[in-house]
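Below, chains carry the letters A, B, ... as their sequence lines are ordered, and counting in each starts from 1.
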Amino acid sequence: MAIMIAIQMAVFLVLWTTSSFRLIPTPMEILKSLQSLIASQNLIYELWNSTWLCLKSLLIATIISLIISYATVIPFFKPIGYLISKFRFWTLVGLSFVFTLITHSGHELKVTLMVFGITVFFVTSMVSIIQSIPKYEFYHARTLRMNEWQVVWEVIILGRLDQVLEVIRQNFAIAWMMLTMVEGISRAEGGIGVLLLNNNKLLRLSDVFAIQLVILLMGIFLDYTIGKLREFFFPYSKLTLEK
Amino acid sequence: MAQYSYKDTILKVDNVNLTLGDKVILENVNAEVRDATRPGSVKGQIVGFLGPSGIGKTKLFEIMAGLLKPTSGNVYYGPDKEPAHPGCTGVVQQNYPLFMHRTVLGNLEIAAVKNYKNADERKTRIFSLLDRFKLRPYQDSYPAQLSGGQKQRVAIAQQLLCTDNFLLMDEPFSGLDINMVEEVSEMIVEIANMNEHNTIIIVSHDIVSTAAIADNLWLMGREKDKDGNPTSGSKIKYTFDLLERGLAWREDIRKIPEFTEMINEIRDLFHNL
């Protein structure tokens with residue numbers, strides 16, 4: 001598998017370097033931009049800023065989403081989970097004004113926007129996981145003389161914990177995608193999104209590509225890390241999958 | 001013919017009806033299991049519960065397990081007539097559900113907690129079952145790492161840890177090869193004979209394997225008009241007392257001509273259930 005990826009990457013790089021299509025900067029130009037971005041535009045600091053914002057928002061959104069999703073096992077809370085999942089189709093841009101009024105700083109505004117954006121997707125995924133638990137799993141727990149709270153704990157919470165990490169992984173990707181937009185809505189504190197938008201405005205194409213490459217690689221790295229955490233904490237989660 | 005006598009009623013299905021929407025699923029289902037005793041040996045009860053697909057066996061199974069409330073009627077367990085409720089009987093479902101996030105040992109631990117408060121006693125009981133079911137080498141494996149047969153044994157062991165005397169098994173022979181069917185049959189007989197009041201009800205399509213180990217058979221079906229259309233919900237239409245027929249508790253049962261005759265009789269009845 002690794003050899004296959006290496007070969008495909010090598011072919012891609014050769015095609016890219018030798019391509020006569022000059023609109024896309026060459027790998028060398030991007031590398032030079034990367035150096036200058038690190039030296040003069042604080043790329044590493046901005047990347048850390050954005051990563052921290054993303055992880056902090058993800059953590060808060062995860063806690064809120066899990067509480068809402070688990071609550072949907074009680075019929076009273078079902079409509080709330082359903083309603084929240086429908087907010088996926090509501091754009092963040094219109095919300096920024098309302099959130100600006102209720103938050104006290106640019107950072108808070110960005111976190112609020114990110115948490116909202118992640119929560120609506122997270123709740124959708126978690127509610128779907130909970131609703132797809134087959135009846136026989138609940139029956140099984142009940143035949144072991146568990147009361148309804150123990151059934152929820154064992155079947156829904158513990159039994160689906162590995163899938164929560166997978167949902168976190170998917171939502172991290174959504175959050176990482178939203179980051180540039182949110183940092184564009186509130187430019188306070190900077191961040192890699194602001195860096196990208198500034199360079200895009202000045203049409204510094206090689207800088208834009210360099211930043212995008214950094215965003216892509218950081219996203220892949222964090223995605224890989226979350227995947228490994230799932231394997232480490234929940235070794236059973238991959239046992240049924242074909243390698 | 002083995003000497004036997006019937007004593008107390010230990011399970012009673014009393015006039016159970018189930019209607020879902022406007023569809024009558026079960027209608028006036030009545031059945032009972034009585035403690036069959038044999039002088040000088042411990043004999044539990046094994047009831048084979050047979051019927052065509054879609055007849056309502058699973059619904060009655062769920063009602064007997066206390067997992068589904070009937071529209072009317074009740075199921076009672078034991079001489080004290082305890083009404084069915086979740087956990088009143090062990091249930092081994094067809095697909096052997098286990099907690100996938102727990103190891104074999106973890107699955108047994110959580111099942112044993114309610115019945116064995118003392119940790120040492122619990123451990124002793126769990127390890128005796130692991131040994132009995134040849135599962136000791138797999139105690140740290142997750143269910144996803146086990147074969148179908150091993151999962152079934154873990155599922156049975158799990159239920160034995162939290163049930164007192166009753167075990168319902170849904171299609172225990174489904175998908176097993178001949179050797180495994182024999183092994184599972186032996187295991188069921190052994191579990192039944194661990195205690196005089198042990199009662200195992202097997203829901204199955206496998207008439208021969210079920211009849212070979214049962215002491216009583218229930219056949220579920222519906223009343224039909226002359227054109228073959230059902231005119232009622234399902235009920236226990238026929239019962240076979242294998243003790244009375246001298247066809248229970250016998251190791252050579254499959255070689256006995258009367259057994260083959262009875263199987264053919266059941267097969268004929270199946271067409272009109």
Asker: Where does the angle between the aromatic ring planes of B:Phe166 and B:Tyr77 fall among parallel (under 30°), tilted (30 to 60°) and perpendicular (over 60°)?
Answerer: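 Taking B:Tyr77 first and then B:Phe166, their aromatic rings stand perpendicular (interplane angle over 60°).
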Asker: Does any backbone or side-chain atom of A:Glu154 lie under 4.5 Å from a heavy atom of chain B? Answer side chain, backbone, both or neither.
Answerer: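 For A:Glu154, backbone and side chain are both near chain B.
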Asker: Is it the side chain or the backbone of A:Phe234 that comes within 4.5 Å of chain B heavy atoms, both, or neither?
Answerer: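 It is neither, since no heavy atom gets under 4.5 Å.
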Asker: For A:Leu144 and B:Cys162, work out which heavy atoms get closest and say how close.
Answerer: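 Here A:Leu144 and B:Cys162 meet closest at CD2-SG, 3.5 Å.
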Asker: Report yes or no: is the cationic atom of B:Lys81 (NZ for Lys, CZ for Arg) closer than 6.0 Å to the six-membered ring centre of B:Tyr76, at no more than 45° off its axis?
Answerer: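 Ring-cation test returns yes.
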Asker: Please report the closest heavy-atom contact between B:Leu167 and B:Val92, naming both atoms and the distance.
Answerer: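 For B:Leu167 and B:Val92, the tightest heavy-atom pair comes out as CD1-CG2, 4.0 Å.
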Asker: I need the residue from B:Val91, B:Val113, B:Leu168, B:Asn95 with the largest number of non-hydrogen atom pairs under 4.5 Å to chain A.
Answerer: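 Result: the option with the highest number of such pairs is B:Asn95.
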Asker: Could you list which of residues 45-68 of chain B have a heavy atom closer than 4.5 Å to any heavy atom of chain A, in residue-number order?
Answerer: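 Checking residues 45-68 of chain B against chain A gives B:Lys59, B:Glu62, B:Leu67.
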Asker: Could you verify whether a donor N or O on one side chain and an acceptor N or O on the other, from A:Ser237 and A:Glu231, lie under 3.5 Å apart?
Answerer: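 A:Glu231 and A:Ser237 do not have a side-chain donor-acceptor pair below 3.5 Å.
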Asker: Among B:Cys88, B:Ala112, B:Pro86, B:Gly87, which has the most heavy-atom pairs under 4.5 Å with chain A?
Answerer: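 With the most close heavy-atom pairs to chain A, the winner is B:Gly87.
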Asker: Under a 4.5 Å heavy-atom cutoff, which of A:Arg145, A:Arg160, A:Met146 has the most pairs with chain B?
Answerer: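 Highest number of heavy-atom pairs under 4.5 Å: A:Arg145.
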Asker: Below 4.5 Å, heavy-atom pairs only: which of B:Gln145, B:Gln158, B:His85 has the largest tally toward chain A?
Answerer: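 Most heavy-atom pairs under 4.5 Å with chain A: B:Gln158.
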Asker: Is the distance between the ring centroids of B:Phe99 and A:His140 less than 6.0 Å?
Answerer: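 So the answer is yes for these two rings.
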Asker: In terms of side-chain heavy atoms, does A:Tyr139 have a donor or acceptor partner in B:Gln93 at a distance below 3.5 Å?
Answerer: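 On atom types as modelled, these side chains do not qualify, holding no pair under 3.5 Å.
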Asker: Please lay out, stage by stage, how A:Gln131 and A:Lys78 fare under the test side chain to side chain donor-acceptor pair (under 3.5 Å).
Answerer: CA-CA 11 Å; A:Gln131 284 181 347; A:Lys78 254 188 187 161; over 6 Å; no
Asker: Under 4.0 Å between a side-chain nitrogen and a carboxylate oxygen: does that hold for A:Arg230 and A:Asp162?
Answerer: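 Looking at A:Asp162 together with A:Arg230, the answer is yes, because their closest N to O distance falls below 4.0 Å.
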Asker: As an exercise: rank B:Leu161, B:Thr163, B:Thr89, B:Ile110 by heavy-atom pairs under 4.5 Å with chain A and give me the winner.
Answerer: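 Of the options given, most contacts go to B:Ile110.
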